[in-house]
**Student:** 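Okay, handing you the structure first.
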Amino acid sequence: MEHKFFIYNTLTRKKEKFVPIHNPYVGMYVCGPTVYGDGHLGHARPAITFDLLFRYLQHLGYKVRYVRNITDVGHLEHDADEGEDKIAKKARLESKEPMEVVQYYLNRYHKAMEALNVLPPSIEPHASGHIIEQIEFIKKILKSGYAYESEGSVYFDVEKYSKRYNYGELSGRNIDELLETTRVLDGQSEKHRSADFALWKKAQPEHIMRWPSPWSDGFPGWHLECSTMGTKYLGEEFDIHGGGMDLIFPHHECEIAQSTAALGHQTVRYWMHNNMITINGQKMGKSLGNFITLDEFFTGKHDLLKQAYSPMTIRFFILQAQYRSTVDFSNEALQASEKGMQRLMEAYRRLNSLTASEQSTIDVKGLRKSCEDAMSDDLNSPIVISHLFDSVKSINAVKDGKATISSEDLEELKSVFKLFIEDILGLYDESAIGNNSSTEAYKKAVDLLLDIRMQAKKNKDWATSDKIRNELTASGFTINDTKDGFEWSI
RNA sequence: GGUUCCUUGGCCGAGUGGCUAGGCAACGGUCUGCAAAACCGCAUACAGCAGUUCGAAUCUGCUAGGAACCUCCA
């Protein structure tokens with residue numbers, strides 16, 4: 001299998017040709033959500049970006065194992081010394097078991113992801129389910145000498161590590177500066193340096209999420225789960241690791257350090273990072289309090305939203321930007337996406353009612369390759385969409401009788417549209433009506449009404465024809481007359 | 001303060017040296033009983049200044065504005 005698929009590697013800061021380690025198998029790991037709150041628009045971005053990657057890799061013929069973790073141990077809220085993890089805190093506030101909180105938000109996350117047509121990953125490991133593995137991982141780092149125990153906690157020794165390896169290579173941070181600016185630590189701290197990070201944290205008495213370990217009853221550090229679970233399920237070396245750009249430092253930098261310290265080599269070939277979604281030019285984030293949850297988008301219930309936006313509108317909106325660009329949220333932009341997507345899906349539907357002719361006056365041949373080239377250029381979904389829109393014009397021209405299409409070209413166009421719209425971009429027709437026997441009957445009934453209207457039109461009985469159209473419109477249907485008939489949708 | 005990055009027409013958003021992005025909106029027109037849909041036409045955009053070049057939105061420098069990371073964050 002040989003493909004020219006280029007992806008931007010954060011580690012080298014350039015686009016590189018994708019070559020899997022164990023062709024045709026591909027391992028990809030993506031940082032998933034910390035489940036202590038509802039998912040917001042920002043969470044949709046990596047989910048959709050890496051869903052696009054997952055789908056495209058499969059289209060290219062790779063056998064992909066996609067691992068997306070669930071962080072349910074909770075990252076530390078503030079400085080480690082006064083640490084209380086987010087899930088424990090939320091649990092206390094809501095008087096619930098931590099795992100009850102986790103389950104609640106995880107269910108809601110899954111529901112939102114399903115609505116966005118994000119395929120479930122192959123494995124969705126929980127950090128809390130891999131405490132033993134994480135402890136073993138810490139032991140390896142201790143054994144290699146890059147960690148130290150202090151007051152029941154274990155910390156990673158960044159300075160020592162940086163003498164042999166390159167701490168900061170992913171984020172472009174200068175280790176000397178990092179160490180320089182963090183040199184002053186009061187003697188009370190357990191950490192030798194503040195640049196050091198926790199691998200194991202001793203739990204305070206009030207800390208309810210805790211597990212036994214050789215060092216103390218406590219919990220694993222924030223970065224460890226990804227190193228541990230990534231290598232557990234994908235091997236000591238795997239192809240792709242993804243996540244949001246805000247995770248580059250310190251999260252992914254620490255991951256590289258941990259894995260390298262434990263195993264003696266790096267584990268990840270290609271690091272991919274999606275950019276942020278902004279709101280008024282500023283990052284949408286939990287800590288900034290300027291986020292809009294996915295449910296709020298779906299229902300339109302938020303002060304900043306002028307209307308509800310369907311899951312597919314959100315998905316299309318995100319796919320209209322390349323994943324490494326920021327996307328600025330605004331009602332105008334979302335409305336433009338909604339309209340545009342409707343036009344695209346309308347044309348896709350129309351494809352099934354086109355009549356083929358002997359010859360084509362439109363050009364269909366280049367489309368498949370153009371779309372593939374765009375996808376292969378670091379997942380350039382906006383270019384794919386622009387190519388599809390070019391074909392929308394052709395489809396409409398045929399529909400209007402201003403152009404013709406051969407049956408061969410029509411089949412090709414249908415095939416390419418299905419492939420890119422449904423299989424790769426993961427868009428589905430939200431206004432499509434199912435195909436079971438009851439909807440068949442319902443469709444026939446609507447068709448019958450509109451046939452009667454056509455008859456009335458022929459007789460210039462505008463009162464009857466307008467009545468039928470108006471009543472149906474009032475019930476939520478959209479009726480469009482065509483050259484020699486009608487189209488309807490709901 | 002340090003590191004990195006961004007600034008494209010009314011809005012969103014591709015493009016990284018010469019050749020059309022695309023979508024939405026607006027405007028004009030065609031079609032139509034009306035409406036809708038569709039189609040056609042339409043913006044000589046690239047933050048500012050200077051430089052490199054036969055030629056720059058695209059390279060270099062400076063200026064202005066903005067962002068991300070440096071602390072949990074997708």
**Student:** State which residue, out of A/Glu253, A/His252, A/His251, fulfils the side-chain hydrogen bond (donor to acceptor under 3.5 Å, both in side chains) condition with A/Ser171.
**Tutor:**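 The residue from A/Glu253, A/His252, A/His251 that satisfies side-chain hydrogen bond (donor to acceptor under 3.5 Å, both in side chains) with A/Ser171 turns out to be A/Glu253.
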
**Student:** Classify the side chain of A/Arg469 versus the base of B/A36 as yes if they form a donor-acceptor pair under 3.5 Å and no if they do not.
**Tutor:**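 No such pair is found, so the answer is no.
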
**Student:** What nucleotide among B/C24, B/A38, B/A14 has an atom nearest to a side-chain atom of A/Ala336?
**Tutor:**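 Comparing B/C24, B/A38, B/A14 against the side chain of A/Ala336, the answer is B/C24.
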
**Student:** Quick check for you: among B/A37, B/A74, B/A14, whose closest atom lies nearest to any side-chain atom of A/Lys399?
**Tutor:** B/A37

**Student:** Taking the six-membered ring of A/Tyr104, is the NZ or CZ of A/Lys90 close enough (under 6.0 Å from the centre) and on axis enough (within 45°)?
**Tutor:**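 No, A/Lys90 and A/Tyr104 do not form such a contact.
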
**Student:** Within the modelled atom types, does a donor on one side and an acceptor on the other bring the side chain of A/Ser465 and the base of B/G33 under 3.5 Å apart?
**Tutor:**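 Check passes, donor-acceptor contact within cut-off.
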
**Student:** Please classify the nucleic acid contact of A/Lys339 as base, sugar-phosphate, or nothing, using heavy-atom distances under 4.0 Å.
**Tutor:** sugar-phosphate

**Student:** What integer number of Å spans the P atoms of B/A68 and B/A74?
**Tutor:**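 Straight-line distance between the two P atoms is 15 Å.
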
**Student:** Under 4.0 angstrom, heavy atoms only, what part of the nucleic acid is A/Gln322 near: base, sugar-phosphate, or nothing?
**Tutor:**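 Touches sugar-phosphate only.
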
**Student:** Nearest to the side chain of A/Lys283, which nucleotide is it out of B/C39, B/U4, B/C69?
**Tutor:**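 Of the options given, the side chain of A/Lys283 lies nearest B/C69.
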
**Student:** Will you find, in the side chains of A/Tyr66 and A/Asp51, an N or O donor that is under 3.5 Å from an N or O acceptor?
**Tutor:**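 Side-chain D/A pair, A/Tyr66 to A/Asp51: absent.
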
**Student:** When all nucleic acid strands are considered with a 4.0 Å heavy-atom cut-off, which category describes A/His387: base, sugar-phosphate, or nothing?
**Tutor:** nothing

**Student:** Measure from the side chain of A/Ile383, starting at C-beta and using heavy atoms only, and say which of B/C40, B/A14, B/A74 lies closest.
**Tutor:** B/A14

**Student:** Can you figure out which of B/C12, B/C70, B/C73 approaches the side chain of A/Arg173 most closely?
**Tutor:** B/C70

**Student:** Could you check whether A/Glu114 pairs with A/Lys111 (Lys NZ or Arg NE/NH1/NH2 to Asp/Glu carboxylate O, under 4.0 Å)?
**Tutor:** no

**Student:** Answer with base, sugar-phosphate or nothing: what part of the nucleic acid does A/Arg68 contact at a heavy-atom distance below 4.0 Å?
**Tutor:** nothing

**Student:** Do A/Asp481 and A/Arg453 meet the salt-bridge criterion of a basic N to acidic O distance under 4.0 Å?
**Tutor:** yes

**Student:** Base, sugar-phosphate alone, or nothing: which one does A/Met276 contact when heavy atoms must sit under 4.0 Å apart?
**Tutor:** base

**Student:** Using a heavy-atom cut-off of under 4.0 Å over every strand shown, decide if A/Thr326 touches base, sugar-phosphate, or nothing.
**Tutor:** sugar-phosphate

**Student:** Given pairs defined as Watson-Crick or G-U wobble with both distances under 3.5 Å, what dot-bracket annotation applies to RNA chain B, with ( ) intrastrand, [ ] crossing, | other strand and . unpaired?
**Tutor:** (((((((..(((.....[...)))..((((.......)))).....(((((..]....))))))))))))....

**Student:** Looking at every strand, decide which applies to A/Leu344 at a 4.0 Å heavy-atom threshold: base, sugar-phosphate, or nothing.
**Tutor:** nothing

**Student:** Looking at the side chain of A/Asn380, which of B/G22, B/A74, B/A14 is the nearest nucleotide?
**Tutor:** B/A14

**Student:** Are A/Asp196 and A/Arg193 within salt-bridge range, i.e. N to O under 4.0 Å?
**Tutor:**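 Salt bridge between A/Asp196 and A/Arg193, a charged N being under 4.0 Å from a carboxylate O: no.
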
**Student:** When we call it a touch if two heavy atoms are under 4.0 Å apart, what does A/Ile277 touch: a base, just sugar-phosphate, or nothing?
**Tutor:** base

**Student:** Find out whether A/Val30 and A/Phe54 are in side-chain contact, i.e. whether some heavy atom of one side chain is under 4.5 Å from a heavy atom of the other.
**Tutor:** no

**Student:** Given B/G13, B/A37, B/G23, identify the nucleotide with an atom nearest to the side chain of A/Val327.
**Tutor:**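 Nearest nucleotide to the side chain: B/G13.
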
**Student:** Given A/Tyr56 and A/Phe5, is the ring-ring contact (aromatic ring centres under 6.0 Å, His included) satisfied, shown in steps?
**Tutor:** CA-CA 10 Å; A/Tyr56 191 58; A/Phe5 177 32; 5.3 Å; yes

**Student:** With heavy atoms under 4.0 Å as the rule, sort A/Asp466 into base, sugar-phosphate or nothing.
**Tutor:** base

**Student:** Within 45 degrees of the ring normal and closer than 6.0 Å to the centroid, is that where the cationic atom of A/Arg68 sits relative to A/Phe50?
**Tutor:**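 No.
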
**Student:** When all nucleic acid strands are considered with a 4.0 Å heavy-atom cut-off, which category describes A/Gly42: base, sugar-phosphate, or nothing?
**Tutor:** base

**Student:** Across the strands shown, which category fits A/Gln282 at heavy-atom distances under 4.0 angstrom: base, sugar-phosphate, nothing?
**Tutor:**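 Sugar-phosphate only.
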
**Student:** Can A/Phe389 be called stacked on B/G23 when the rule is centres closer than 5.5 Å and an angle between planes below 30°?
**Tutor:**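 A/Phe389 vs B/G23: stacking no.
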
**Student:** Across the strands shown, which category fits A/Ser325 at heavy-atom distances under 4.0 angstrom: base, sugar-phosphate, nothing?
**Tutor:** sugar-phosphate

**Student:** Taking atom C1' in both B/C39 and B/U53, what distance in whole Å separates the two?
**Tutor:**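 B/C39 and B/U53 have their C1' atoms separated by 43 Å.
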
**Student:** Between B/A74, B/C39, B/C12, spot the one nearest the side chain of A/Asp328, thanks.
**Tutor:**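 Among the listed nucleotides, the one closest to the side chain of A/Asp328 is B/C12.
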
**Student:** Taking the side chain of A/Phe249 as its heavy atoms from C-beta onward, which of B/C70, B/C39, B/A74 lies nearest to it?
**Tutor:** B/C70

**Student:** Just to be sure I understand the rule, does A/Arg343 reach a base, reach only the sugar-phosphate, or reach nothing, if contact means heavy atoms closer than 4.0 Å?
**Tutor:**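 If one applies the 4.0 Å heavy-atom cut-off, A/Arg343 turns out to touch the sugar-phosphate alone, with no base involved.
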
**Student:** Starting the side chain at C-beta, find the nucleotide from B/C70, B/A21, B/A35 nearest to A/Asp481.
**Tutor:**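 Output: B/A35.
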
